[in-house]
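Numbered from 1 within each chain, the chains take letters A, B, ... in sequence-line order.
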There are 2 protein chains.
Amino acid sequence: MNKRKTNTTEASILKAAKTIFLHKGMDGARMQEIADEAGINKSMLHYYFRSKELLFKAVFMEAFSTLAPQLNEILNADSSICDKIKGFSHNYITFVIAHPYLPNFILQEMNRNNEFVNDLISKNHFPSIKKFKLQVKEKVADGTLRPIKAEHLFINIMALNIFPFVASPLLKKVLDTSDTQFKNLIEERKTEVAEFIINAIKV
Amino acid sequence: MNKRKTNTTEASILKAAKTIFLHKGMDGARMQEIADEAGINKSMLHYYFRSKELLFKAVFMEAFSTLAPQLNEILNADSSICDKIKGFSHNYITFVIAHPYLPNFILQEMNRNNEFVNDLISKNHFPSIKKFKLQVKEKVADGTLRPIKAEHLFINIMALNIFPFVASPLLKKVLDTSDTQFKNLIEERKTEVAEFIINAIKV
DNA sequence: AAAAGGTTTAACTAAATGGTTGACAAATGT
DNA sequence: ACATTTGTCAACCATTTAGTTAAACCTTTT
């Protein structure tokens, strides 16, 4: 068994596939392009991953597995709602600055191929909103928070953090900002977003 | 000149192309599929639109032209900021419920082919944030609004209104809602979103 | 050092895909 | 009525693309 070579080849394929799939999506990606990116023969892709679809699933899985756990900071941590919002916004934006194509990739492919995400559910258990719902209900009941459904608050937190990355080309045009100016805006949002949300929900 | 036939054929091609492109994107769409959807021969697509790319541009243009003007309600109307936010949120969500694939299509294709959006700029003049910026600055200065940059407020308004449509498959999973339950949430957001934003910015 | 077994490559295949052509039909002008 | 233009289609073409194959190539084992 040639373990060393196997590992590095498989890893370099995955890395290349990630680059190409994240930039071009399933439909726009070409197996030859992935092979070129990895600097190997196209047959290797099939040798290690059998088909384009399986290679894509491996990439999607990996991408999803890096993003999904971050939701747990909001949904399942034990801290207060304010701390969760502050922590999540800061950490999430920091993370996505380092992986700017991830959110768009995942949202796009979930829209494209809804059914295959259902496979993903059973194995990789989705984060659940249950605990967060109880926490919000409680704080609304005791008057600490303005009345709001946990679902809406969750959607709002996601929207404010994720949307700027998904819509960056549009926003850059409307705001008429350069790349660096836009990066500065994003940087500001690490604190701006949490502040905005907390102002909206605190009594 | 066979004007009647020309008009109906061209229109049915555009309609079919819209359906296919909006669901599958440029890369995922097939010319044959568009022809089938329109119930005509594939040659007709080239007869009327020359190439896949030109047909796609026609569809994108039309899609963009229906969405862009809505931004003017926020950016260039003469009403108060509160009224703008209330009006826009309600109108926009109502509109997108009727055209659920539009926002995702536009964001996705702007991410995919950034340069060709630049062509679009010169012809179809992009909405500008100038006026809105002045209005926000003024209201922050006179103490009516909490301090916030117009850019962030604009991004937030866009995010809260658009994101739920773009991320619906993900949100449905995390929130564990049925399609009808999710539709109800969206319906609630027609007022919920504006309320949330106004709470966040009013002193 | 030779067999064995996993790894890699060039060449190949079959199907799909965007686009073209030429024949033909339908409408329009004279 | 007849010629000309315009619209439509089936068949075709060139290229691209995912996937296959068989031989070569290492690396380890014996």
Side-chain angles (χ1 to χ4, degrees), chain A residues 1-62 105 108-109 112-113 115-116 119, chain B residues 1-62 105 108-109 112-113 115-116 119:
Chain A
M1 246 180 283
N2 186 351
K3 263 293 165 67
R4 196 171 58 251
K5 274 197 183 176
T6 295
N7 282 343
T8 62
T9 304
E10 191 170 334
S12 72
I13 290 175
L14 258 180
K15 190 184 162 196
K18 215 166 151 182
T19 304
I20 302 298
F21 276 133
L22 258 69
H23 280 79
K24 311 208 164 183
M26 169 70 171
D27 290 332
R30 298 289 158 245
M31 292 296 266
Q32 186 60 58
E33 205 178 352
I34 295 173
D36 292 348
E37 173 79 22
I40 54 157
N41 191 280
K42 180 163 68 82
S43 300
M44 288 291 92
L45 307 184
H46 293 99
Y47 181 76
Y48 283 101
F49 293 92
R50 268 207 34 214
S51 69
K52 186 184 182 183
E53 200 184 327
L54 287 176
L55 177 55
F56 174 80
K57 282 194 184 180
V59 169
F60 185 90
M61 232 53 146
E62 201 186 299
F105 170 71
Q108 180 54 27
E109 299 300 334
R112 190 65 42 93
N113 197 344
E115 53 200 271
F116 125 89
D119 298 353
Chain B
M1 246 182 281
N2 185 351
K3 263 293 166 66
R4 196 172 57 254
K5 273 197 181 175
T6 295
N7 283 344
T8 62
T9 304
E10 191 170 334
S12 72
I13 289 176
L14 259 180
K15 191 183 161 197
K18 214 166 152 181
T19 304
I20 302 297
F21 276 134
L22 257 69
H23 280 79
K24 310 206 164 186
M26 169 70 170
D27 290 332
R30 299 287 156 244
M31 293 296 267
Q32 186 60 57
E33 204 179 353
I34 295 173
D36 292 347
E37 173 78 22
I40 55 160
N41 190 281
K42 180 163 68 86
S43 301
M44 290 292 92
L45 306 185
H46 293 98
Y47 181 76
Y48 283 100
F49 293 91
R50 269 205 38 211
S51 69
K52 186 183 182 183
E53 200 184 328
L54 288 175
L55 177 55
F56 175 81
K57 282 194 184 180
V59 168
F60 184 89
M61 235 51 149
E62 201 185 300
F105 170 71
Q108 180 52 28
E109 299 299 334
R112 193 185 58 87
N113 197 345
E115 53 199 273
F116 126 89
D119 298 353

Would you say dA18(D) has OP1 or OP2 under 4.0 Å from some side-chain N or O of S51(A)?
no
Nearest-nucleotide pick for [X], side chain only, options being [options]:
{"X": "Y47(A)", "options": "dC9(D), dG6(C), dT9(C)", "value": "dG6(C)"}
{"X": "K42(B)", "options": "dT8(D), dG19(C), dT9(C)", "value": "dG19(C)"}
{"X": "S43(A)", "options": "dT20(D), dG19(C), dT8(C)", "value": "dT20(D)"}

Please state how far atom [atom1] in [X] lies from atom [atom2] in [N], giving the value in whole angstrom units.
{"X": "L54(A)", "N": "dG19(D)", "atom1": "CG", "atom2": "C1'", "result": "13 Å"}
{"X": "E53(B)", "N": "dT17(C)", "atom1": "CD", "atom2": "P", "result": "19 Å"}
{"X": "H46(B)", "N": "dA10(D)", "atom1": "NE2", "atom2": "C1'", "result": "15 Å"}
{"X": "L45(A)", "N": "dT8(C)", "atom1": "CG", "atom2": "P", "result": "12 Å"}
{"X": "E10(A)", "N": "dG6(C)", "atom1": "CD", "atom2": "C1'", "result": "14 Å"}
{"X": "I13(B)", "N": "dC9(D)", "atom1": "CD1", "atom2": "C1'", "result": "13 Å"}
{"X": "M44(B)", "N": "dA10(D)", "atom1": "CE", "atom2": "P", "result": "11 Å"}
{"X": "N41(A)", "N": "dG19(D)", "atom1": "CG", "atom2": "P", "result": "15 Å"}

Return yes when atom NZ of K57(A) has more than 12 non-hydrogen atoms of other residues, nucleotides or ligands closer than 6.0 Å, and no otherwise.
yes
Would you say CD of E53(A) has more than 12 non-hydrogen atoms from neighbouring residues, nucleotides or ligands within 6.0 angstrom?
no
Can a salt bridge be assigned to the pair E109(B) and R112(B) using a cut-off of 4.0 Å between side-chain N and carboxylate O?
yes
Short N-O contact, E37(A) and K15(A), less than 4.0 angstrom:
no
Contact residues, residues 15-35 of chain A to DNA chain D [heavy atom, < 4.0 Å]:
A29(A), R30(A), M31(A)
Under the ring pair (Phe, Tyr, Trp, His ring centres under 6.0 Å) rule, what pairs show up with a residue in residues 8-42 of chain B, not counting sequence neighbours?
F21(B)-F56(B), H23(B)-Y101(B)
Are any non-hydrogen side-chain atoms of I34(B) and T19(B) less than 4.5 angstrom apart?
no
Tabulate below the donor-acceptor pairs under 3.5 Å that side-chain atoms of residues 39-47 of chain A make, not counting sequence neighbours, or state none.
unit_1: N41(A); atom_1: OD1; unit_2: S43(A); atom_2: N; d: 2.8
unit_1: N41(A); atom_1: OD1; unit_2: S43(A); atom_2: OG; d: 3.1

